[in-house]
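Proteins get letters first, then strands, A, B, ... in listed order; numbering begins at 1 in each. All values below come from the heavy atoms of this structure, side chains included, with hydrogens, waters and symmetry mates left out.
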There are 2 protein chains.
Amino acid sequence: MATVDPDTARTAALDAAESLFYARGVQSVGMDEIRSASGIPLKRLYQLFPSKTDLVEAYLRRRDTSWLLSLSRYADARPDPRGRVLAVFDWLEGWFAEPEFRGCAFVNAFGELGASSPGVVEAVADHKAAFHRYLAELARQTTPARADAARADRLAAQLALLTEGAITTAAITGTSEPARQAQAAARALLSMP
Amino acid sequence: MATVDPDTARTAALDAAESLFYARGVQSVGMDEIRSASGIPLKRLYQLFPSKTDLVEAYLRRRDTSWLLSLSRYADARPDPRGRVLAVFDWLEGWFAEPEFRGCAFVNAFGELGASSPGVVEAVADHKAAFHRYLAELARQTTPARADAARADRLAAQLALLTEGAITTAAITGTSEPARQAQAAARALLSMP
DNA sequence: CGATCGCGAGAACGCTCGTTCTCGCCACAG
DNA sequence: CTGTGGCGAGAACGAGCGTTCTCGCGATCG
């Protein structure tokens, strides 16, 4: 019988992995540091995640769902469809202002590990696809004309580019201004037929 | 007297560093691999660049100027101001289609090395600032109203977000479609007053 | 009550990598 | 012709890291 139950240990390990990997990148954080930050012994870490790669992928998958959940909870609260789209950028602005903000965890992992680890590539692609689906759903509700899936998709793709660009630019410049600039652009795109 | 003159050696080293660092990331490429790819002995590499960090920064700085030069040569050839702005996205589309394309070298380096190396952070910030200045110059020429610097800057910031987002998205999805989507959005933004 | 199993703590192993050192060689100065 | 200084090739060193192994302890089961 373990000192703590497997679920608690798994959560503790992923918590430590998330803050360390996100803050400093994957390659510069050793398993030993995750052990000391989480309090989970190395042996147990390797029982839960057979290799560091598995831990990295689990970190990305968990972050995918929690990130999108946090965003959608915020945006879905707005009553009108247009407001829900614009709320995405309000949410971004708050995220950018957090002191731990360091850009998109998925883009960072992709740039760092690149084509060398297919599991990471897949997790990153899945995250971007899920985000795009969410934006398309929001876009579809804005005007009757965009109930047409293709039209909604076209807008969603443009909104996704603005979001992606805002995240990256905010990370590099260290300001949250890109969220407001992206929102202004989104407003312009929304007003187009 | 050296086997090859310092300039040639420096160029060979930077050529090797550029293709290897860009293709696989900074941390997974060792100095020994740069030696064998460039033919420059390790000792000479360390004379030219006292540490790997120096080589990384020199790689980013050289790529900054050549990237912007290539883009501006392409876009500046267009006769009308609006066409110059839209040409940026044509150029992106060609870049995305190259087999070696792997996203923005600066974003990748930033995500990988993060706050740990101030020189890299500075090089990345300088690159983004230079690109923004170039876009602002293009924007200023589009309409008389945007001769006003603040208005041109506002448009340039939005175009920069679209570009950044397109580069990242193209890298992850492996298609050059984001260039066309970004261009469509840019067209819409240009048509706004 | 004694044997056994699973656990935590951390040492150990094998590998990689940034950086430096050694050594033999060639070109040139005196 | 001989001494010297810089060069290339590559060994060497020291640190870090992913992963596994050892050991001692505490609980569990017959």
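Rounded to whole Å, the distance from CZ on A:R44 to P on C:dG10 is 17 Å. Across the protein-nucleic acid pair, B:L55 atom CG and C:dC17 atom P stand 15 Å apart, rounded to whole Å. For B:R24 and C:dC17, the CZ to C1' distance is 13 Å, given to the nearest whole Å. When rounded to the nearest whole Å, the span between CD of B:Q27 and P of D:dG18 equals 11 Å. When the P atom of C:dC17 is taken as reference, atom CD of B:E33 falls 8 Å away, rounded to whole Å. Counting to the nearest Å, the C1' atom of D:dA9 and the CG atom of B:L45 are 13 Å from each other. In this entry the distance linking CG of B:L20 with C1' of C:dC17 reads 15 Å, nearest Å. In this structure, the CD1 atom of B:I40 is 8 Å from the P atom of D:dG8, given to the nearest Å.
At least one donor-acceptor pair under 3.5 Å links the side chain of B:T169 to the backbone N or O of B:G165. Judged by distance alone, with hydrogens and angles left aside, the side-chain atoms of B:R84 form a donor-acceptor pair with the main-chain N or O of B:R78 at under 3.5 Å.
Comparing the helix axis at one end of the helix from C:dC1-D:dG30 to C:dG30-D:dC1 with that at the other, each defined from 5 consecutive pairs, gives an inter-axis angle of 20° (nearest 10°).
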Salt bridge (charged side-chain N to carboxylate O under 4.0 Å, His left out) evaluation trace for A:D153 with A:R140:
CA-CA 8 Å; A:D153 252 37; A:R140 198 159 355 100; over 6 Å; no

Might you work through the salt bridge (charged side-chain N to carboxylate O under 4.0 Å, His left out) test for A:R35 and A:D32, ending with a clear yes or no?
CA-CA 5 Å; A:R35 176 194 59 89; A:D32 216 62; 3.2 Å; yes

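In this structure, A:Q47 does not reach the C:dG6 phosphate: none of its side-chain N or O atoms is under 4.0 Å from OP1 or OP2.
In this structure, B:R63 forms a cation-pi arrangement with B:Y22, its terminal cationic atom sitting closer than 6.0 Å to the ring centre and no more than 45° off the ring axis.
Taking the six-membered ring wherever Trp is involved, the centroid distance between the rings of B:F131 and B:W67 falls below 6.0 Å.
A:R62 and A:D15 are joined by a salt bridge, as a carboxylate oxygen and a charged side-chain nitrogen come within less than 4.0 angstrom of each other.
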Would you tabulate the nitrogen or oxygen pairs shorter than 3.5 Å linking the protein to nucleotides 19-24 of chain D?
residue	atom	partner	partner atom	Å
D:dT19	OP2	A:Y46	OH	2.9
D:dT19	OP2	A:K52	N	2.9

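For the residue pair A:S176 and A:W95, no side-chain donor N or O sits within less than 3.5 Å of a side-chain acceptor on the partner.
Among residue pairs with one or both ends in residues 110-120 of chain A, none qualify as side chain to side chain donor-acceptor pair (under 3.5 Å); sequence neighbours excluded.
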